[in-house]
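Convention: sequence-line order gives letters A, B, ...; per-chain numbering from 1.
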There are 4 protein chains.
Amino acid sequence: MRTRSGQKEQNIWQAAVREFARHGYHQAKISRIAEGAGVATGSVYLYFKNKKQLLEKILADVWQNLAQEMEALVTRKDLNAVEKLEGMVDLVIDMFTDNPSLAIVVVNEHSQTRIAQPYYERFLALGRQVLEEGIATGLLNPHLQVDVTSQFIFGGVRHLIHLWAQSPRQYPLNKIRREVKLLLKRGILTEVQ
Amino acid sequence: MRTRSGQKEQNIWQAAVREFARHGYHQAKISRIAEGAGVATGSVYLYFKNKKQLLEKILADVWQNLAQEMEALVTRKDLNAVEKLEGMVDLVIDMFTDNPSLAIVVVNEHSQTRIAQPYYERFLALGRQVLEEGIATGLLNPHLQVDVTSQFIFGGVRHLIHLWAQSPRQYPLNKIRREVKLLLKRGILTEVQ
Amino acid sequence: MRTRSGQKEQNIWQAAVREFARHGYHQAKISRIAEGAGVATGSVYLYFKNKKQLLEKILADVWQNLAQEMEALVTRKDLNAVEKLEGMVDLVIDMFTDNPSLAIVVVNEHSQTRIAQPYYERFLALGRQVLEEGIATGLLNPHLQVDVTSQFIFGGVRHLIHLWAQSPRQYPLNKIRREVKLLLKRGILTEVQ
Amino acid sequence: MRTRSGQKEQNIWQAAVREFARHGYHQAKISRIAEGAGVATGSVYLYFKNKKQLLEKILADVWQNLAQEMEALVTRKDLNAVEKLEGMVDLVIDMFTDNPSLAIVVVNEHSQTRIAQPYYERFLALGRQVLEEGIATGLLNPHLQVDVTSQFIFGGVRHLIHLWAQSPRQYPLNKIRREVKLLLKRGILTEVQ
DNA sequence: TATGAATGAGTATTCATTCAT
DNA sequence: TATGAATGAATACTCATTCAT
């Protein structure tokens, strides 16, 4: 008996990411995913219930991963809120650094992330939490609306990562990383008045 | 009396926006758009070449409109760069205020916008131009990377508008409007140093 | 605009009967039915919701037809119960005389006839009714269990028609017709004792 | 202790009968049969060439069994033709008495029985033989067409057994048994002329 | 023998687009 | 212009069968 292989599941996962990135969810073909993974079409269904669930698994994995690392970051005692926020930006950017296809999938198919997606919610909640912590400790502007602010930052970073995934030369990650941190902290105005 | 055909085209355009917003481009059905517009299925093809072009027309119209108003704003002599930036935020928000469906379509189907979309490019270029103007006049931080900065702001606003379109109560436009302007100018840090 | 044609629906109905008879419901292909009807595959779905409903329509039509003619027969005043029973046998046999394929479908796919099929139930009920009438008028053996008897006759006739449809030479309808009537009335024993 | 493999084959045979009865041949799944038999999917193929052959084996077993018992019955010297016919009815009914699933399979999948099925043919031939014997000995009506008559009886009994298998309460075997014998011998007319 | 993971052929159904009227 | 019936390409998913272990 051939034993069920975690490697095979990984191959399918990866091939699906590439296929979803290149063609989008609706134009993606299971047969092409299978081919990309080096398995037969039917084998995809041994590891994933159907096409939809395959996408959901990918998105869930990403958000779970991010939420987990965020959790660790947020609970650190040796960093203040601003440093944690910078760490969060780094986390998100690092997650996609060596998998541009994954970045494209996450951004483009984000609306498939059912709001119920608990890991995504957790991720957002941790962002708000750090903002609140910053306000409480006097580091951040107390007039900030934490929900709007966190979503604004999230949207901006998401968009930049998408641009990078499509044109890594034009939007290198380091430039993005630096610029986002600068904007976050100081805004766009001249520093000294 | 037969209605003028310009009216019929408008009806189809509007019905398509609603259909694309509700079901997304790939799940949208031409037959449902026709029904929503009160015309026969085949009639859609008298006004639009095909489904893809119908979406492209909608997106192009939006960007053309925005680019045009931006053009007028940017060339005003009575405003400085910061005031123009704030005006741009208002423009974008106002454009969608009374058509949440349109906001959803623009945000969700944005990746369908071939980069070639000239009006979209024009829109982005004007944003960069104002940033450069601000730097040149000493109002804005000279270390800003205008391309990254403008895209970051665009991404953030886009995301917030999407949230509003889905939960107008939770993310009211006025709150968004105020918060974005604040963040742009001052960042998140405590104002006094 | 091309107008929806009753003729086309008939062609599909007929082609489906042939296909179901030749290959059985589960092996029947919609594409072959369409080809047989001289229409495109998709057109089948303009007239019938799906494959299952196509079969159900055929069976319902047959039973409705039979039930209707049975109704007329049973209510005749000029025939006694035995003559009506003979008429029923004739009805069933005549229904299939010029459509052996239809006979095969009805017999083979009979289990698809959901018991709820009201026309089939009506058909059976009329059979029982005539038996009861015959008993009441003293023509038929009062010890008959009408439900078992009617089902027995129905099963026997059904089986013979199936044999005829597959080997018309070996089981000619006239022979079947004569023999069934004889058996019904007299049983198999020698007539005089 | 490993169970004897004959036992395993029997388990599969039985599980297949249940599966075919419940879902019909085409909807039956080998995997479900295997599960029902407590073996792995692949093991089914150690005992049976394929799905089709599994059904054929079941049907062949039934007919072989019946043919064999019929053979013994027909050659008895102590019974006349009518008694033998009654015995045949009993045989068929007894065969299914404690296995309604088997009855359903035999009835529903009967058309899968290629006419070539030798045991089935033998079964029919023995029926015809008894009828002829009855005619020769003056017990049965000499005008009977033995082939049509035997098939009529077979069809009627088959149908009644099917009804019993689905609704044992409504069509109890004893009632069926009694009624069929009565009808065979006397027909439906009032006994006295 | 026994397993159950792997294979891949096969098909109903949808719907954008066309076209006869 | 306007209609909506007709077209037919395109594809996710199932499951009988095989085969590596």
Legend entry - Within 45° cone and under 6.0 Å: D:Lys8 NZ/CZ vs D:Tyr47 ring: no
Inset, instruction - Please say whether the positively charged group of D:Lys57, taken as NZ for Lys or CZ for Arg, lies over the ring of D:Phe48, i.e. under 6.0 angstrom from the six-membered ring centre and within 45 degrees of the axis. - result: no
Nearest-angstrom distance from the residue atom [atom1] of [X] to [atom2] of [N]:
X       : N      : atom1 : atom2 : result
C:Gln53 : E:dA12 : CD    : C1'   : 14 Å
B:Gln7  : F:dT1  : CD    : P     : 15 Å
C:Arg2  : E:dA20 : CZ    : C1'   : 5 Å
B:Phe48 : E:dA16 : CZ    : C1'   : 16 Å
A:His23 : F:dA10 : NE2   : P     : 14 Å
C:Arg4  : F:dT7  : CZ    : P     : 13 Å

Inset, instruction - Please tell me which of C:Lys52 and A:Thr3 maps to the more 5' nucleotide of DNA chain E, matching each residue to the nucleotide holding its nearest heavy atom. - result: A:Thr3
Legend entry - Residue met sooner reading DNA chain E from 5', once A:Ser5 and D:Val39 are mapped to nucleotides: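 Mapping each residue to its closest nucleotide by heavy atoms, the 5'-most match is D:Val39.
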Which nucleotide, [options], lies nearest any side-chain atom of [X]?
X       : options              : value
A:Ala40 : E:dG8, F:dA6, E:dG4  : E:dG8
A:Lys51 : E:dT3, F:dC13, E:dT7 : F:dC13
C:Leu46 : E:dT3, E:dT17, F:dA6 : F:dA6

Legend entry - C:Arg18 side-chain N/O to C:Ser101 backbone N/O, donor-acceptor pair under 3.5 Å: no
Could you tell me whether the side chain of [Y] reaches within less than 4.5 Å of the side chain of [X], counting heavy atoms only?
X        : Y        : value
A:Leu102 : A:Ile58  : yes
D:Trp63  : D:Glu121 : no
C:Gln14  : C:Asn99  : yes
D:Lys29  : D:Glu35  : no
B:Asn108 : B:Phe20  : no

Inset, instruction - Identify, residue by residue, the members of residues 24-38 of chain B with a heavy atom below 4.0 Å from DNA chain E, and return them in order of residue number, or none. - result: B:Ala28, B:Lys29, B:Ile30
Inset, instruction - Could you say whether D:Lys49 or C:Gly42 is positioned toward the 5' end of DNA chain F, judged by the nucleotide with the nearest heavy atom to each? - result: C:Gly42
Does [X] place a side-chain N or O at less than 4.0 Å from the phosphate oxygens OP1/OP2 of [N]?
X       : N     : result
B:Lys8  : F:dA2 : yes
D:Tyr47 : E:dT1 : no
C:Tyr45 : F:dA6 : no
B:Ser43 : F:dT3 : yes

Inset, instruction - Answer with base, sugar-phosphate or nothing: what part of the nucleic acid does A:Val44 contact at a heavy-atom distance below 4.0 Å? - result: nothing
Legend entry - NZ (D:Lys49) with more than 12 external heavy atoms under 6.0 Å: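 Open.
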Legend entry - Close aromatic pair by centroid cut-off 6.0 Å: D:Tyr120 and D:His110: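 Yes, they do, as the ring centres are separated by less than 6.0 Å.
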Inset, instruction - Sort by first number and list every stem of DNA chain F: at least 3 consecutive Watson-Crick or G-U wobble pairs, both distances under 3.5 Å. - result: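 Stem list for DNA chain F: E:2-21 with F:2-21.
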